[in-house]
Every structure is written in C-alpha cells, then in structure tokens.
2 protein chains.
Amino acid sequence: MTNIESMRATRAPLTRERVLAAAVALADAEGIAAVTMRRVAGELGVEAMSLYHHLPGKADLLDGLVDVVAAEVATEIAGRDLPAEDWRAEVSARCLTARTVMLRHPWAPGLMGSRSTVPPVVYGLYEGVVGAMVRGGLSYRLAHRALHALGSMVLGFTQEVFRPAEAGGSLEPELAEAGLAAIVDALPYTAAMITTEMHDATDPVLGWCDSQTEFEFTLDLLLDGLERARA
Amino acid sequence: MTNIESMRATRAPLTRERVLAAAVALADAEGIAAVTMRRVAGELGVEAMSLYHHLPGKADLLDGLVDVVAAEVATEIAGRDLPAEDWRAEVSARCLTARTVMLRHPWAPGLMGSRSTVPPVVYGLYEGVVGAMVRGGLSYRLAHRALHALGSMVLGFTQEVFRPAEAGGSLEPELAEAGLAAIVDALPYTAAMITTEMHDATDPVLGWCDSQTEFEFTLDLLLDGLERARA
DNA sequence: ACCTGAACACCGTTCAAGT
DNA sequence: ACCTGAACACCGTTCAAGT
C-alpha cells in the first residue's frame, strides 16, 4: 500500500506539458508517424485513453507540437544578443536561429504546413521579424512580402531538394543503382553540375550538398534584394 | 451471364495508371489523408486487396502520386513556348508553371518533402532549369545554389505562412475570436502591417494575402540576385 | 479527478482461397 | 492472372466502469 503510494508519487502526474514533451521526443527519435496516441501513452507508462484527460484529441496534440517548437525558437532568440542596430543582421540572426531549431526537429516544418491554424507563438516570431524590418526602414508592404519569402524558405529548406526525408541518404547509391551512364546521357547539365560540385566540395564525406551553405546563400540573396528594394 | 460479361467489359481493367489517377482525384477532392488503400479501391469499385496486384504497397502509391504531379509539370512545360534567349525569363516560366500545378494539387509539396527518394521525372525538371541557367552564363556552383533556392520556394510557398492547410480560412475570424485589441497590444508591428495591407489590398474579398503576387515578388528577388551574382 | 477495459469503426498488409 | 474474404496487428475515439 505504501509501496504503491510511493510509486505513484515518483511517477510525476500526467500534464499537457509532459504529454507534449514525450511526443516531441518520440517524433525526434522515430519520426512524426510514430506519434500515435497509443505510442505516446506507452512512453509515459500509461494507457492511450488517459491522454484524453489532458488533451481533447490527436489534432490538439499535433497543434501542441507546433507550439512547443515555436516556443523553442522564441526561447533561443530571447537568449541571443541580436544586433539591433542593423536590420539585415537582426533578421538574419532570427532566421538562422529558427533554422537550427527546425534541424533539431525535422518533422516540424511539414507539420506546421499541415495544421489549419497558426498558433499565437508563431505570430510572436513574425512580430520580431516585422519589427526589425520596419525599424530598419522597410515599408509594411515590403515587410509583408519579406515575411512570406523568409518564412517559406525557413520551412521549405528542411524539405531537401535532392535527398528529402531522412537526411541520411546520399545521392550516390541512387545514381549507381539507376546506372550513371544513362543519367549522364539524359541529364547532361545535371550530371556536369553534380560532378563539378563534388570535385569542388571542401568535405567530400559530407556529400556534395551542404544545405547550411545553401541556406545562408539564399538568405543573403533575399536580404540583399530587400535592402535594395528598401532604398 | 452475358450481362455480367458486358459489365466486366465496360469496367476497364485495373492498371497502375488507373489506380494512381483515382488516388490523385481523391487527394484533390478530400486531401491526402483520404488516400487510403481501402478508399482508393472503393473509388474504383474494387476491394483494397486488388490494388496489391498493381502496386507493391502504399509507399509506392504515394511515390506514384509524386510521379504523376511531376509528370504533369513536365507536360505543362513542354506545351509552352519558353523564351529560350533569356535565361531569367525561361527559369521564371518554369517555376511559375510548376507553381500552377502545385496549386492544383496542394497536397503535393508536402508529399514530395516526405518521400525518401527523388523520382526520375523530378530530376528531369531540374535538368531543364539547370540547363537554362548554365546556357545563360551561370556557373555550375551558382546554378546548384539557385536550384535549392528556387526548389524550396516552389515547394514552400504552398505551405502558407498565415493560413496554412485549407486555403479556405481567412485570418479575420481568428483575430476576432482571440480579441483584436489584445493582439494589437502584443503584436503592434504585425497589427500595423495587417491593417495597412488590408487597406491597400486591391481585392478586399480575396483577403490581405495575395500569394501569387508574393510568389512572383520572391521569384524576382531571387532571379535579380542570381543575375547580379552571375556578372 | 484521474485512469482503465472493452468496444467501434477504421488503417495496411498477409495468406489461402476462389474464378 | 486477377480478384476476394477472413484474419492480424495496428489506428483514434467513445463510453461505462473502476479508484
């Protein structure tokens, strides 16, 4: 009896926060498809039906995941000294921070795109970016367009163009299996591009795509364009 | 007996193509979540297990959907006269064509991001864009980076920043329900941006976000930057 | 108040059976 | 060769029952 009592005491009571934390951990470890009511409950040593006392249903669990990730971005940004005097540097830092969090939770961009409402925390993130741009002299119209451009880039860059989903796979096995010669014939420009880039790659082990470099390149391209549009 | 024979005759035999066409129609009409083996089979007047004679499993069905959409982009591009003398105009036309197809199948970008292999048709689309850029004088390195930037934009812009998922929802009901005054207090820049843009909007019915305009703006921003980097 | 077991209507997939 | 019914191991969710 006292044993059971103490076991109950050691097992922290279920809360919305504990459920969401378990779901995030599960999504990070096994992908968003592993996040089922039954699996999440299992991780917490509880039956699936117990979750319904803390969340109305699965839709709210997924909305909650978006919330957690957005809050993580907000916390990360709050913990950094943002260069407030230069709008370009400040916006850049905000986007790069958001990206590092997305890389920790690769399922998050896809999930954000599939939910039907935008959680308040995300509006808070927009506010920071818009504020930096408007204080930097961009019009509201330009800031609005910039928000769409930057947002779709932060969400879109995790969906890799060449090796989507599991970041593990490289292009080479695919090429090998499909027959390199056939590809070179059918896709001469692409083939030349791949061989050129593989040759120039500083780290051939990492592969020929360094998405961090590509992300920063695109970010600069957009910020340069916005700065020019501002003037 | 002859009746049954003739009914069998009128019902076209199941093929991979017919299964995929039914799945695309279902996804367009009810979203990608409605695409289950049982539902697709039902649309074809057949049992779920029959599909396995034409597709190895659900993963291949989803891969097939990506294939169909990519092929649709390729067909659409092949049917247009692309301005070959100007790389900027040609790449722009290719991206805009891809976008119109994505708008017809809003589930496609998310699906492409979640699949683990890139189908050959998609490599064919890349080839067209890379070819245009290289012939236009861009280095392979620049073309590679441009491909990532443009690709993530074409895939990312359907995941709307403000009203994700169902394009039906507007921002206003959300704002109203959350209390406009509270939002204005917490998000002054965002509130000012929304009111300014709503006031300037040419078509207030369409809402304050015109994603086609925003897409074209971002596309031009990127192409301008690439042209400058080329020189 | 919080958790549970049984049940319902769904999934994808296998396998032996029909034609 | 092509389609099917029954079955298995999973889903989300409801509801009456336990403590």
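In what follows, chains are A, B, ... by sequence order, proteins preceding strands, each numbered from 1.
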Partner nucleotide, any strand, of C:dT14 [Watson-Crick/G-U, under 3.5 Å] = D:dA6
Of B:A59 and A:A48, whose closest DNA chain C nucleotide lies nearer the 5' terminus?
-> A:A48
Answer yes or no: side-chain N or O of B:H53 and base N or O of D:dC3 forming a donor-acceptor pair under 3.5 Å.
-> yes
Toward the 5' end of DNA chain C, which comes first, B:R38 or A:L51, by nearest nucleotide?
-> A:L51
Would you classify B:T36 as touching base, sugar-phosphate or nothing, given that sugar-phosphate means primed atoms plus P, OP1 and OP2, and contacts are heavy atoms under 4.0 Å?
-> sugar-phosphate
Side chains of B:W107 and B:V69 in contact at under 4.5 Å (non-hydrogen atoms) = yes
To the nearest angstrom, the CG-C1' distance between B:L44 and D:dC2 comes to 15 Å
Between C:dC10 atom P and B:K58 atom NZ, what is the distance in whole Å?
-> 15 Å
Touch class at under 4.0 angstrom, heavy-atom based, for B:M49 against every strand present | base
Short side-chain to backbone donor-acceptor contact, B:E197 and A:Y140, under 3.5 Å = no
Whole-Å distance separating the CD atom of A:E47 from the C1' atom of D:dT14 | 16 Å
Under-4.0 Å salt bridge between A:E43 and A:R39 = yes
Between C1' of C:dG12 and CZ of B:R39, the distance in whole Å | 16 Å
For the side chain of A:V46, starting at C-beta, report the closest nucleotide among C:dT4, D:dT13, C:dT13.
-> C:dT4
Euclidean distance, atom CG of residue A:L61 to atom C1' of D:dT13 [Å, nearest integer] | 14 Å
Between A:H54 (side chain) and A:V19 (backbone), is there a donor-acceptor pair under 3.5 Å?
-> no
Kindly say if B:S50 contacts the phosphate of D:dT4, meaning a side-chain N or O under 4.0 Å from OP1 or OP2.
-> yes
Short side-chain N/O contact to C:dC3 OP1/OP2 from A:H54, under 4.0 Å | yes
Just to confirm, is there a sub-4.0 Å distance from OP1 or OP2 of D:dT13 to any side-chain nitrogen or oxygen of A:Y52?
-> yes
B:M37 has an atom CE; how far is it from atom P of D:dG5, in whole Å?
-> 17 Å
Can you measure from CZ (A:R16) to CG (A:L61) and round to the nearest 0.5 angstrom?
-> 8.5 Å
